[in-house]
Q: 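Below is a structure I'd like to ask you about.
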Amino acid sequence: MSTIKISQSMMKSYVDYLNGKECGILFKGKYIDKNVETTPSAAMKEGIYFEYLATGALPRNGIPPEPEKTTKGQITTAYERISKAAELFKAIIKHYNIKLLKVGYVVTTDDMTGIIDVWADWNGEKCIIDLKYSGLLDDKWNELGWETESLNMKDSLMIQGVHYKLLVKEKLGIDDVPFYYFVFNSKDETDMKIIKQVVDPDKFYFHKQNVEKMKSAIERDMEKGFKPYPDYRKCKDCPLNEVCPYEFSYPQITEVHY
């Protein structure tokens with residue numbers, strides 16, 4: 001019996017792999033062998049630190065994150081904003097009478113898995129709160145932008161709410177649990193959005209179908225092998241570049257026809 005459990009991040013990465021945007025060797029290392037830990041970007045580090053200050057949740061390595069400091073040992077302006085944004089989160093949950101029940105809550109079924117940022121009680125009702133720390137609160141065109149009128153077109157963002165609501169339904173028996181994004185502005189510590197994702201019931205059916213199809217496809221790829229997609233610009237920063245036989249150590253030539 002397969003032990004593969006599909007997370008929403010795994011689904012996104014596998015779609016990238018199918019489209020040739022992510023190397024199969026890296027995908028396998030991250031999600032199958034689980035022996036690869038990618039280096040977080042500067043924005044990801046800020047998000048990790050924000051979540052730690054706001055809820056006390058530790059990153060997956062279990063090590064408390066540290067603020068970024070200047071050469072003089074002072075906390076940078078960006079990380080000072082994070083501290084103030086975390087205080088805003090605490091003020092908001094107090095205002096709305098939200099009780100944090102669990103943070104970093106792992107929920108797993110036979111086929112799926114996910115880590116809920118905050119499992120909360122909001123005036124007597126259980127709910128999911130997903131924390132975001134972004135500079136794209138009003139960006140309509142960026143696929144990671146949180147401008148609300150365009151959000152329903154952004155599957156890469158909205159898949160998370162569907163996945164987690166379905167997980168809670170199957171694991172805990174709570175039908176259509178409320179799901180909220182708390183999106184804090186990394187450019188303005190006084191600015192944030194609370195977005196409640198309302199999911200069409202058909203989305204759960206199609207998501208479950210996609211999970212089952214993707215699980216079968218990944219299991220087939222495990223048997224026949226994942227395809228490498230070496231590219232110098234990606235290989236040079238890949239955590240597997242020292243041991244990967246497919247690594248491109250030098251730039252390849254790209255033809256452009258005119």
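We count residues from 1, following the sequence as given.
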Q: In sequence, state the C-alpha distance, the side-chain angles, and the governing distance for M11 and H163, and then conclude on side chain to side chain contact (heavy atoms under 4.5 Å, CB included).
A: CA-CA 10 Å; M11 294 183 80; H163 191 84; 4.1 Å; yes
Q: Look at the rings of F89 and F50 and say which category their plane angle falls in: under 30° parallel, 30 to 60° tilted, over 60° perpendicular.
A: perpendicular
Q: Run the side chain to side chain contact (heavy atoms under 4.5 Å, CB included) check on V168 and I116 step by step: do they pass?
A: CA-CA 10 Å; V168 168; I116 294 173; 4.0 Å; yes
Q: Looking only at non-hydrogen atoms, find the nearest pair between Y229 and G24 and report the distance.
A: CD1-N, 4.2 Å
Q: Hey, does D155 have a side-chain heavy atom less than 4.5 Å from the side chain of K12?
A: no
Q: Side chain of D221, backbone of F226: donor and acceptor closer than 3.5 Å?
A: no
Q: Quick check against the 3.5 Å criterion: does D117 have a side-chain atom that pairs as donor or acceptor with the backbone of L131?
A: yes
Q: Is there a side-chain contact between L144 and S134, using heavy atoms and a 4.5 Å cut-off?
A: no
Q: So does E149 have more than 12 non-hydrogen atoms from other groups sitting under 6.0 Å from CD?
A: no
Q: For F182 and Y180, take the angle between the two ring planes, folded into 0 to 90°, and tell me which bin it lands in: parallel under 30, tilted 30 to 60, perpendicular over 60.
A: perpendicular
Q: Going by atom types only, do D188 and T190 share a side-chain donor-acceptor pair under 3.5 Å?
A: yes
Q: Indicate, with yes or no, if M112 and Y14 share a hydrophobic cluster defined by side-chain heavy-atom contacts under 4.5 Å among Ile, Leu, Val, Met, Phe, Trp and Tyr.
A: yes
Q: Quick one: CG on L172 to CD on E170, what's the gap to the nearest 0.5 Å?
A: 11.0 Å
Q: Going from CD on Q8 to CD1 on I159, what distance comes out if it is rounded to the nearest 0.5 angstrom?
A: 6.5 Å
Q: With Y133, which of M192, E51, E46 fulfils side-chain contact (heavy atoms from CB on, under 4.5 Å)?
A: E46
Q: Indicate yes or no: at least one non-hydrogen side-chain atom of W119 is less than 4.5 angstrom from one of V177.
A: yes
Q: Measure the spacing between CH2 of W122 and CG of N97 and express it to the nearest 0.5 Å.
A: 10.5 Å
Q: Whether the Y164 and D130 side chains hold a donor-acceptor pair (N or O, under 3.5 Å, no angle test) is what I'd like checked.
A: no
Q: Does atom CD of Q209 have more than 12 heavy-atom neighbours, drawn from other residues, nucleotides or ligands, at distances under 6.0 Å?
A: yes
Q: Could you tell me if the side chain of F206 sits less than 4.5 Å from the side chain of V162, heavy atoms only?
A: no
Q: With hydrophobic residues grouped by side-chain heavy-atom distances under 4.5 Å, do I194 and F179 end up in a single group?
A: no
Q: Do Y105 side-chain atoms and G114 backbone N/O form a donor-acceptor pair below 3.5 Å?
A: no
Q: Find the distance between CD1 (I4) and OG1 (T113) and round it off to the nearest 0.5 Å.
A: 11.5 Å
Q: Could you list the donor-acceptor pairs under 3.5 angstrom formed between side-chain atoms of residues 78-88 and any protein atom two or more places apart in sequence or on another chain?
A:
residue, atom, partner, partner atom, Å
R81, NE, S186, O, 3.0
S83, OG, Y79, O, 3.3

Q: Taking all non-hydrogen atoms of both residues into account, name the closest pair between K140 and E147 and its distance.
A: CG-OE1, 3.6 Å
Q: Whether the side chain of K90 engages the backbone of A54 through a donor-acceptor N/O pair (distance < 3.5 Å, no angle test) should be reported.
A: no
Q: Going through the distances and angles, do E143 and L157 end up as a side chain to side chain contact (heavy atoms under 4.5 Å, CB included)?
A: CA-CA 8 Å; E143 64 177 8; L157 292 179; over 6 Å; no
Q: Taking all heavy atoms of K196 and all of P178, pick out the closest pair and write down the distance.
A: CE-CB, 4.2 Å
Q: How about L137 and K132: do any of their side-chain heavy atoms sit closer than 4.5 Å?
A: no
Q: Would you mind reporting whether F27 and D16 have side-chain heavy atoms less than 4.5 Å apart?
A: no
Q: Compare every heavy atom of A120 with every heavy atom of L101, then report the nearest pair and how far apart it is.
A: CD1-C, 3.9 Å
Q: Is any side-chain heavy atom of F204 closer than 4.5 Å to one of K169?
A: no
Q: Does K203, at its NZ atom, have more than 12 non-hydrogen atoms belonging to other residues, nucleotides or ligands within less than 6.0 Å?
A: no
Q: Would you say Q197 and L151 make side-chain contact, with heavy atoms under 4.5 Å?
A: no
Q: Do V211 and I32 belong together in a cluster built from hydrophobic side chains that touch within less than 4.5 Å?
A: yes
Q: For the side chain of K215 and the backbone of I6, is there at least one donor-acceptor N/O pair under 3.5 Å apart?
A: no
Q: Scan residues 23-34 for pairs that pass side chain to side chain donor-acceptor pair (under 3.5 Å), counting only residues two or more places apart or in two chains.
A: S13-Y31, E22-K30, K28-D33
Q: If you link I, L, V, M, F, W and Y whenever their side-chain heavy atoms are under 4.5 Å apart, who else ends up in the same group as M153?
A: none
Q: Spell out, as yes or no, whether a donor-acceptor pair under 3.5 Å connects the side chain of K154 to the backbone of N142.
A: yes
Q: Once rounded to the nearest 0.5 Å, what's the spacing between atom CG of D111 and atom CG of L166?
A: 10.0 Å
Q: State yes or no: do M158 and I128 share one hydrophobic cluster built from I, L, V, M, F, W and Y residues joined by side-chain heavy-atom distances below 4.5 Å, directly or via other members?
A: yes
Q: Do K234 and D237 sit within salt-bridge range, that is, some charged N less than 4.0 Å from a carboxylate O?
A: no
Q: What's the shortest heavy-atom distance between P239 and V36, and which atoms?
A: CG-CG1, 3.3 Å
Q: Would the number of heavy atoms belonging to other residues, nucleotides or ligands and lying under 6.0 Å from NZ of K208 be above 12?
A: yes
Q: Taking all heavy atoms of M214 and all of V15, pick out the closest pair and write down the distance.
A: CE-CG2, 4.0 Å
Q: Indicate yes or no for a side-chain donor-acceptor contact from N61 to the backbone of I63 under 3.5 Å, with no hydrogens or angles considered.
A: yes
Q: Are F184 and Y96 linked, directly or through other ILVMFWY residues, by side chains that come within less than 4.5 angstrom of each other?
A: yes
Q: How far does CG of N123 sit from CD1 of I98, to the nearest 0.5 angstrom?
A: 8.0 Å
